[in-house]
Amino acid sequence: MQFLPPRMRFRLFDLNPEQEKAVRTIDGPLLILAGAGTGKTRVITARVAYLIAQGVAPEHILAVTFTNKAANEMRERLATMVEKEQVKRVTMSTFHALCVRILRGGIDRLGYKNNFSIYDESDQLGLIKKIITRTAARDEKIDPHLAKNLISKAKNNGWSAPKDDQTLISAVFTRYQVELKNLNAVDFDDLLLLTVKLLAEHNEVRAKWQERFRYLMVDEFQDTNRLQLELVSLIADAHKNVAVVGDDDQSIYGWRGAEVSNILEFEHHFPNPTVVKLEQNYRSTNAILGTANSLIKNNPRRRAKQLWSAHASGENVRVVQMPDDREEAKFVAEDIQRRNFAENVVWKNFAVLYRMNAQSRLIEENLRRLHIPYRLVGGKSFFDRREIKDVLAYATCLLNADDDVSLLRIINTPARGIGPAVVERALEHSVHAKCSLFKSLQSPDFLETLSVRARTAISEFAGMLDSFETRIHTPLTDHAEILRELITKTTYLDDLKRTCKSPDEALDRENNVQNIFNDLAQYQQRSSGGLQGFLDEVSLDQDREKDKEDDQHGVTLITLHAAKGLEFPHVYLIGLEEDLLPHSRSKIEGTVDEERRLLYVGITRAMSTLTMSWCRTRMKFGSAAPGHPSSFIKELAPELIEHVDFVKLMNTPVQEDTAKSRFAQLRAALKSA
DNA sequence: AATCGTCTGCTTTTT
DNA sequence: GCAGACGATT
């Protein structure tokens, strides 16, 4: 072994033999099959540290993740093992952020401009709606959401827009791609698609990035789609030093285009890999782990593995039968309260997991009733708020004046006399003249067709944008200040507050806008990317606000999907009913295996206790519907499960002279279970 | 231009 | 049961 800094030596000593093998294998393809809770993140970070200790320059290391959160965590972990200066030089980013970086320096080779805008889902949807109503399918009923999903699926499979416009959908697809290019905009799928195209078709670009990233690591490999695999292959092709970490049993994003086959058939994509299996779980009791194992072994097509734990067997897993969803929520809230009181468990050690967001409401109500703090993960993003999107659209227009979608968003917000009729004519002109909407607004041909009033309004607006655009491109300017001035000058903020229903709402929205300015100012302190870099970061990290705001001390309410990668001492998994988990649509679509994995992910989040529940009736779409236990329940190892019938417990006679209430008795019964 | 009412149609959602 | 979309109303 070569010289290692003392701290490094200690870390390696900390690893189990398989983990150590994964860390020490640095050349050639490496597949790390990391079961739930087997110390995956530790292995990745230790491996990066090891590479550096072995003399690999940090610049040559690339670690790709799916979320910014994971990337940040990894970076923080690495900082405890490696000198700060070196950590900075390692590239740790999401697939999408990596693509933006590659594209900002070379997308012009594909006919886009390097200042392209990034469209999120709602921008995408807006554009598709516009296309559907304005062009191909005026009368046909074509669902914009469906169209969006189909286009996304097509792109993820690496298809370009089809040549034939036979079907309505392909006409929309073709049109959509053309419009995006005209707008100098790319959607999330394009980030991958165009990066793959750029690297595949331009040898010098590919060579540059291959030379740069000689050691490649990919986290959550089971979630990669076709394009992501292709991207990895393209970069790794020169040196073949590609290490992937993943768990086929935790593949739950098939519906988003993830290909389990990428990990199942890793050998096919990268011949003769070293394969390491991490099977020692450091998270859960053996009762929980055994329950998880018994469930997942019912799945075909998987890499056989047997998780084990050095922990004690622990409490049995409870499966509770409830009369209805209201009782279920009440029970969960009260059981959490009981355990908090009796066992002194702090709130943040609890999580309630469910299949659908709608299930959180009853839980919320009951927690609130008992004054138990909670944090709801998911739901509406900060960046989906109207005022945020508006301000960002103003910013985008300054950088990419050709971005019609952003321009349309703000052209009459606040109202400035450029109404729908005028906008309509401007759009027509831009189509005819084959130029962007903004160019039309500045075109004398167009302006002279308008009334004096409209002409004045447009000239004023275009002139204002133009002058701010010039300022933003002047070197050494404060972009936050410029944006603030623009928003002030347009009286956007005053108008926003005026249209609010309550003073509270007005205050909230104003705060949101101020937050954006502050964020941008902060961004400028730490980065030289300017407004462009800030917008990139914002569009690629919707959660960046969340962690700051969150009280970290409450009970976590979270969907099974969003819970992947997290762990909690006490987990409540609710709604284990047939047609909810597995979801009814999974049977039609033939994806029950994925539902089983979803439950597996849920079970393996639990460290010390796990309670699952199902209801005999549940409110569905406003009315009560009968419920049946999930077919997954009978797959669980019976010897590790304690079945509890809530109603039966309630009906057991209570001794008159007992001071205990019925609930106290119930609690006692449940606790001993 | 904004607001109100009625209709519809329903998983999950890392970027 | 509720949000989101759309059309009628002032």
Side-chain angles (χ1 to χ4, degrees), chain A residues 64-73 93-100 118-122 124-125 129 133 141 143-145 148-149 152 155-156 186-192 195 219-220 222-225 227-228 250-258 325 353-362 377-381 383-384 412-421 495 498-499 501 536-544 546 558-566 575 579-589 591 594-595 597-599 601-602 618-625:
Chain A
V64 196
T65 60
F66 273 84
T67 65
N68 292 286
K69 199 175 151 216
N72 294 337
E73 261 171 37
S93 94
T94 64
F95 271 104
H96 295 264
L98 174 70
C99 289
V100 170
I118 302 168
Y119 277 13
D120 68 15
E121 225 154 309
S122 62
Q124 230 181 325
L125 210 54
K129 276 181 189 164
T133 52
K141 282 206 174 136
D143 177 11
H145 287 274
K148 197 204 75 194
N149 288 339
S152 174
K155 286 188 181 183
N156 279 320
V186 304
D187 62 26
F188 283 146
D189 300 317
D190 281 341
L191 288 174
L192 295 165
T195 305
D219 191 18
E220 305 279 18
Q222 77 281 352
D223 292 336
T224 52
N225 64 26
L227 284 172
Q228 284 155 340
Q250 293 186 70
S251 163
I252 54 173
Y253 284 103
W255 52 277
R256 277 200 119 205
D325 46 349
L353 274 48
Y354 38 81
R355 179 66 237 259
M356 293 194 289
N357 280 314
Q359 290 173 265
S360 70
R361 269 215 14 235
L362 281 174
V377 180
K380 291 283 150 278
S381 161
F383 292 94
D384 278 343
N412 206 30
T413 311
R416 53 171 71 86
I418 312 176
D495 192 70
R498 191 178 53 76
T499 53
K501 289 192 187 83
D536 284 351
E537 197 176 283
V538 162
S539 21
L540 296 177
D541 189 3
Q542 302 274 305
D543 274 344
R544 57 201 293 289
K546 284 237 181 82
I558 193 169
T559 63
L560 288 162
H561 281 94
K564 189 173 63 133
L566 306 176
D579 291 340
L580 186 54
L581 182 63
H583 195 273
S584 53
R585 279 180 73 154
S586 71
K587 294 185 198 164
I588 302 161
E589 289 163 10
T591 53
E594 185 154 308
E595 298 285 304
R597 291 193 289 264
L598 197 51
L599 178 55
V601 166
R618 170 175 300 276
M619 291 299 278
K620 256 185 191 164
F621 308 139
S623 52

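Within every chain, numbering begins at 1; the chains are lettered A, B, ... in the order of the sequence lines, protein sequences first and strands thereafter.
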A.B. asks: Students often get this wrong, so: under 4.0 angstrom with heavy atoms, is A:Q124 touching a base, only sugar-phosphate, or nothing?
C.D. replies: nothing
A.B. asks: Using a cut-off of less than 4.0 Å, is there contact between a side-chain N or O of A:T559 and OP1 or OP2 of B:dT13?
C.D. replies: yes
A.B. asks: With sugar-phosphate meaning primed atoms plus P, OP1 and OP2, does A:D223 contact a base, only sugar-phosphate, or nothing at under 4.0 Å between heavy atoms?
C.D. replies: base
A.B. asks: Base, sugar-phosphate, or nothing for A:Q228, non-hydrogen atoms under 4.0 angstrom?
C.D. replies: nothing
A.B. asks: Can you tell me the distance, in whole Å, between the CG atom of A:L560 and the C1' atom of B:dT13?
C.D. replies: 14 Å
A.B. asks: Check whether the side chains of A:D189 and A:S152 place a donor and an acceptor atom closer than 3.5 Å, and report yes or no.
C.D. replies: yes
A.B. asks: Starting from P on C:dA3, measure out to CE on A:M356 and report it in whole angstrom.
C.D. replies: 15 Å
A.B. asks: From C-beta outward on A:R361, which listed nucleotide comes closest to its side chain: B:dT11, B:dT14, C:dG1?
C.D. replies: C:dG1
A.B. asks: Identify whether the distance between the nearest side-chain nitrogen and carboxylate oxygen of A:E220 and A:K564 falls below 4.0 Å.
C.D. replies: yes
A.B. asks: Which is true for A:Y253 with a 4.0 Å heavy-atom rule: it touches a base, it touches only sugar-phosphate, or it touches nothing?
C.D. replies: base
A.B. asks: Can you tell which of B:dT11, B:dT15, C:dC2 lies closest to the side chain of A:E595?
C.D. replies: B:dT11
A.B. asks: Report yes if at least one side-chain N or O of A:N357 is closer than 4.0 Å to OP1 or OP2 of B:dT11; otherwise report no.
C.D. replies: no
A.B. asks: Closest-nucleotide mapping onto DNA chain B: is A:T224 or A:I418 further toward the 5' terminus? I mean the 5' end.
C.D. replies: A:I418
A.B. asks: Figure out the CD1/C1' separation between A:I588 and B:dT11, and round it to whole Å.
C.D. replies: 12 Å
A.B. asks: With distance as the sole criterion, do the side chain of A:R256 and the base of B:dT15 form a donor-acceptor contact below 3.5 Å?
C.D. replies: yes
A.B. asks: Would you indicate, yes or no, if C:dA5 has its OP1 or OP2 atom less than 4.0 angstrom from a side-chain nitrogen or oxygen of A:K129?
C.D. replies: yes
A.B. asks: Could you say whether the aromatic ring of A:H561 and the base of B:dT12 stack, counting only centre distances under 5.5 Å and plane angles under 30°?
C.D. replies: no
A.B. asks: Between A:D541 and A:K69, does at least one N-O distance fall below 4.0 Å, as a salt bridge requires?
C.D. replies: no
A.B. asks: Check the geometry between A:W255 and B:dT12 and answer yes if their rings are stacked (centres below 5.5 Å, planes below 30°), otherwise no.
C.D. replies: yes
A.B. asks: Give the intermediate values and the outcome of ring pair (Phe, Tyr, Trp, His ring centres under 6.0 Å) for residues A:H96 and A:F66.
C.D. replies: CA-CA 8 Å; A:H96 295 264; A:F66 273 84; 8.1 Å; no
A.B. asks: Could you state the CG-P distance from A:L191 to B:dT14, rounded to the nearest angstrom?
C.D. replies: 16 Å
A.B. asks: What distance, rounded to whole Å, do you find between the two P atoms, one in B:dT13 and one in C:dG4?
C.D. replies: 15 Å
A.B. asks: Tell me if B:dT12 is syn or anti. Syn = glycosidic torsion within 90° of 0, anti otherwise.
C.D. replies: anti
A.B. asks: Looking only at side-chain atoms of A:F66, point me to the closest of B:dT12, B:dT15, B:dT14.
C.D. replies: B:dT14
A.B. asks: Round to the nearest Å and state the distance from A:F621 atom CZ to B:dT11 atom P.
C.D. replies: 5 Å
A.B. asks: Under 4.0 Å, heavy atoms only, any strand: does A:E121 hit a base, just the sugar-phosphate, or nothing?
C.D. replies: base
A.B. asks: Would you mind reading off the distance between A:Q359 atom CD and C:dG1 atom C1', rounded to a whole angstrom?
C.D. replies: 15 Å
A.B. asks: Taking the basic N atoms (NZ, or NE/NH1/NH2) and the acidic carboxylate oxygens, is any pair closer than 4.0 Å for A:K587 and A:D579?
C.D. replies: yes
A.B. asks: Nearest whole angstrom, please: distance from the C1' of C:dA3 to the NE2 of A:H145.
C.D. replies: 11 Å
A.B. asks: Within this structure, what is the CD1-to-P distance between A:I252 and B:dT11, rounded to whole angstrom?
C.D. replies: 18 Å
A.B. asks: With no hydrogens and no angle check, is any side-chain donor or acceptor of A:D325 less than 3.5 Å from a backbone partner on A:M619?
C.D. replies: yes
A.B. asks: Between A:A562 and A:N412, name the one whose nearest nucleotide on DNA chain B is closer to the 5' end.
C.D. replies: A:N412
